[in-house]
Amino acid sequence: MKIALLGYGKMGKAIEEIAANRGHEIVLRVSEDIESYNLKEIEIDVAIDFSVPKAAFKNITTAFKNKIPVVSGTTGWLDDYEKATEICKKEDAAFIYASNFSIGVNVFFELNKKLAQMMKGLQDYSVEIEEIHHTQKLDAPSGTAISLAQQIISENPNKKGWQLDHADKDEIPVHAKRITDVHGTHTVSYKSTIDTIEIMHMAHSRQGFALGAVIAAEWLKDKKGVYTMKDVLSSLFE
Ligand SMILES: NC(=O)c1ccc[n+]([C@@H]2O[C@H](COP(=O)([O-])OP(=O)(O)OC[C@H]3O[C@@H](n4cnc5c(N)ncnc54)[C@H](O)[C@@H]3O)[C@@H](O)[C@H]2O)c1
Ligand SMILES: O=C(O)C1=N[C@H](C(=O)O)CCC1
């Protein structure tokens, strides 16, 4: 598979290594605006976007206009997600966005939904989310923490939204900490005066995110339409 890397930072480099080990070829490494490249002159099977919030929408939709399927893991640009999916469908292209491509985190997402279902009637417990990442991270809270909050909100009618740190009773407080060299730790806690229930996922490296993104690219390559990581992993969760 011929891969274009939209963003060639920490994740772009981790993906390059895993893609090479799985027999794929990196044909383009983009570190600036995509308009500097003539995509029509390069044979590309799939683009993998791990860049910066301000670049993601333009780079992804330019790839769609060139009929290139896109796997995107960039966080912090999701106000434009619906617009991106409309352009994908209009251009008959293919797209998967995930706030977290790690298979472990996608299992954790399923646990989070199940726990939220079980806890929604237990009014003595208050729920909160904590995420910890490295100090170079541009966005807060993490895309993964936002996904966790949205999953709880869709299971629990008493929760209407989330807020960084200070939340009203009908919102979920999300705490974002930045500590050198932390790859990504997410904890969902339910606390009462009697006890605390916690689920936690800790990434030990970027390898899980990169492997998940390459697996998603292999799955998406010959498809059309808009998908999620749950579609990619559906056989795992049956
Ligand atoms: N979904 C996931 O599983 C997952 C996992 C890890 C990181 N992320 C997200 O991926 C993104 C990248 O993370 P990172 O750790 O590699 O960051 P990074 O800062 O190491 O790399 C970002 C790269 O984007 C490049 N860039 C800047 N402007 C650009 C433009 N206009 N077009 C293309 N590239 C441009 C920069 O040169 C840099 O190399 C972040 O948003 C992060 O939150 C997601
Ligand atoms: O290193 C990052 O930046 C990460 N970002 C994603 C997020 O915002 O959830 C996934 C974890 C690593």
Side-chain angles (χ1 to χ4, degrees), residues 3-19 26 28-37 39 47-63 68 70-81 95-109 112 129-151 162 164 174-188 200-217 220 227-230 232-233:
I3 300 175
L5 295 175
L6 310 182
Y8 189 55
K10 294 182 283 298
M11 278 303 297
K13 288 177 180 117
I15 289 165
E16 178 175 49
E17 194 179 325
I18 284 175
I26 307 300
L28 180 67
R29 295 165 183 81
V30 173
S31 291
E32 58 197 46
D33 204 286
I34 205 167
E35 281 171 357
S36 341
Y37 301 85
L39 297 180
I48 305 184
D49 159 62
F50 281 79
S51 58
V52 290
K54 67 177 167 42
F57 177 75
K58 194 202 235 171
N59 287 353
I60 292 166
T61 53
T62 303
I68 299 169
V70 178
V71 169
S72 171
T74 306
T75 52
W77 68 278
L78 282 203
D79 288 351
D80 287 328
Y81 173 79
F95 187 38
I96 294 180
Y97 167 79
S99 61
N100 201 307
F101 279 95
S102 146
I103 290 167
V105 163
N106 282 275
V107 172
F108 184 65
F109 282 161
N112 179 50
I129 297 171
E130 180 190 82
E131 57 99 337
I132 312 174
H133 283 86
H134 54 91
T135 49
Q136 291 108 51
K137 187 161 177 59
L138 296 180
D139 51 320
S142 66
T144 308
I146 295 172
S147 297
L148 289 164
Q150 287 169 338
Q151 289 158 7
W162 59 266
L164 257 183
V174 182
H175 308 290
K177 294 188 179 160
R178 297 291 170 259
I179 299 175
T180 313
D181 291 339
V182 174
H183 299 295
T185 301
H186 292 89
T187 307
V188 180
M200 189 261 276
H201 178 274
M202 180 188 288
H204 298 314
S205 71
R206 291 188 173 81
Q207 215 181 332
F209 313 135
L211 176 61
V214 175
I215 289 172
L220 187 69
Y227 300 94
T228 65
M229 201 51 186
K230 197 165 172 185
V232 178
L233 299 174

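We use all heavy atoms of the structure for the numbers below, so side chains are in, but hydrogens, waters and symmetry mates are not. These numbers were taken from a predicted model, which means no experiment stands behind them. All residue numbers refer to positions in the sequence shown, counting from 1. Counting starts at 1 for both ligands and their atoms, following the listed order.
- Between F209 and ligand 1, a contact under 3.5 Å exists for no N or O pair.
- Heavy-atom contacts of S142 reach the following atoms of ligand 2: 7 (C), 8 (O), 9 (O) (cutoff under 4.0 Å).
- Heavy-atom distances between G76 and ligand 1 stay at or above 4.0 Å for every pair.
- Atoms of ligand 2 lying under 4.0 Å from at least one heavy atom of N100, given by number and element, are 10 (C), 11 (C).
- Put simply, the side chain of K13 gets close to the backbone of Y8: a donor and an acceptor are under 3.5 Å apart.
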- Kindly determine whether H186 and S142 satisfy side-chain hydrogen bond (donor to acceptor under 3.5 Å, both in side chains), including the steps that lead there. CA-CA 9 Å; H186 292 89; S142 66; 2.8 Å; yes
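- In plain terms, the two heavy atoms of S102 and H201 that are nearest each other are OG-NE2, 3.9 Å.
- Salt-bridge check for R178 with E131: passed, with a basic side-chain N closer than 4.0 Å to an acidic carboxylate O.
- Of all the heavy atoms of S99, the ones lying under 4.0 Å from any atom of ligand 2 belong exclusively to the backbone.
- In this structure, the side chains of T185 and H133 stay at 4.5 Å or more apart for every pair of heavy atoms.
- Less than 4.0 angstrom separates some heavy atom of T144 from each of these atoms of ligand 2: 7 (C), 9 (O), 10 (C).
- Checked against a 3.5 angstrom limit, the closest N/O atoms of A98 and ligand 1 fall inside it.
- Those atoms of ligand 1 with a heavy atom of Y8 less than 4.0 angstrom away are 39 (O).
- Residue T74 has no N or O atom closer than 3.5 Å to an N or O atom of ligand 1.
- On a distance-only criterion, H134 and ligand 1 share no N/O pair closer than 3.5 Å.
- Proximity annotation for atom 2 (C) of ligand 2: of H134, E131, K10, Q136, H134 comes nearest, heavy atoms only.
- Contact annotation: for L138 versus ligand 1, there are no heavy atoms closer than 4.0 Å.
- Between E32 and ligand 1, at least one N/O pair is under 3.5 Å apart.
- F101 has its side chain out of reach of V214: every pair of non-hydrogen atoms, C-beta onward, lies at least 4.5 Å apart.
- Ligand-side atoms of ligand 1 in range of V30: 33 (C), 34 (N), range being under 4.0 angstrom from any heavy atom.
- The shortest distance between side-chain heavy atoms of L78 and I146 does not fall below 4.5 Å.
- Here the side chains of M200 and E130 are not in contact, with every heavy-atom distance at 4.5 Å or above.
- For the pair V52 and ligand 1, the shortest N or O to N or O distance does not fall below 3.5 Å.
- Protein heavy atom nearest atom 5 (N) of ligand 2, with residue, atom name and distance: K137 NZ, 3.1 Å.
- Close contacts between ligand 2 and H183 involve ligand atoms 12 (C) [criterion: under 4.0 Å to a heavy atom].
- Against a heavy-atom cut-off of under 4.0 Å, N100 is close to the following atoms of ligand 1: 1 (N), 2 (C), 3 (O).
- Here S99 has backbone heavy atoms under 4.0 Å from ligand 1, and that is the only part of it that gets that close.
- For ligand 1, none of its N or O atoms has an N or O atom of G12 under 3.5 Å away.
- Between the side chain of D49 and the main chain of A55, no donor-acceptor pair closer than 3.5 Å is present.
- Between K10 and H134, some side-chain heavy-atom pair lies under the 4.5 Å cut-off.
- Distances below 4.0 Å separate heavy atoms of M11 from the following atoms of ligand 1: 6 (C), 7 (C), 14 (P), 16 (O).
- The option from R29, K13, K10 that lies nearest to atom 15 (O) of ligand 1, judged by heavy atoms, is K10.
- Residues forming a side-chain contact (heavy atoms from CB on, under 4.5 Å) with T61 (at least two apart in sequence, or on another chain): F57, F64, A84, I87.
- Atoms of ligand 1 found under 4.0 Å from any heavy atom of G73, numbered from 1 in the order shown, are 1 (N), 2 (C), 4 (C), 8 (N), 9 (C), 10 (O), 44 (C).
- Two residues are said to be in side-chain contact when any heavy atoms from C-beta on lie closer than 4.5 Å; V70 and Y97 fail this criterion.
- For S102, no nitrogen or oxygen atom sits less than 3.5 Å from a nitrogen or oxygen atom of ligand 1, counting backbone and side chain alike.
- In summary, the atoms of ligand 1 found under 4.0 Å from a heavy atom of A55, numbered by their order in the structure, are 29 (C), 30 (C), 31 (N), 32 (N).
- Every atom of ligand 1 is numbered from 1 in the order shown, and the set under 4.0 Å from a heavy atom of K137 is 43 (O).
- When side chains are defined from C-beta on, S72 does not count as touching F50, because their heavy atoms never get closer than 4.5 Å.
- Distance from atom 11 (C) of ligand 2 to its nearest protein heavy atom, with residue and atom name: H133 NE2, 3.3 Å.
- Considering only non-hydrogen protein atoms, atom 7 (C) of ligand 2 sits nearest to G143 N, 3.4 Å.
- At a 4.0 Å cut-off, not a single heavy atom of K54 sits close enough to ligand 1 to count as contact.
- Side-chain contact check for V232 versus I215: some heavy-atom pair is nearer than 4.5 Å.
- The shortest N or O to N or O distance between G9 and ligand 1 is under 3.5 Å.
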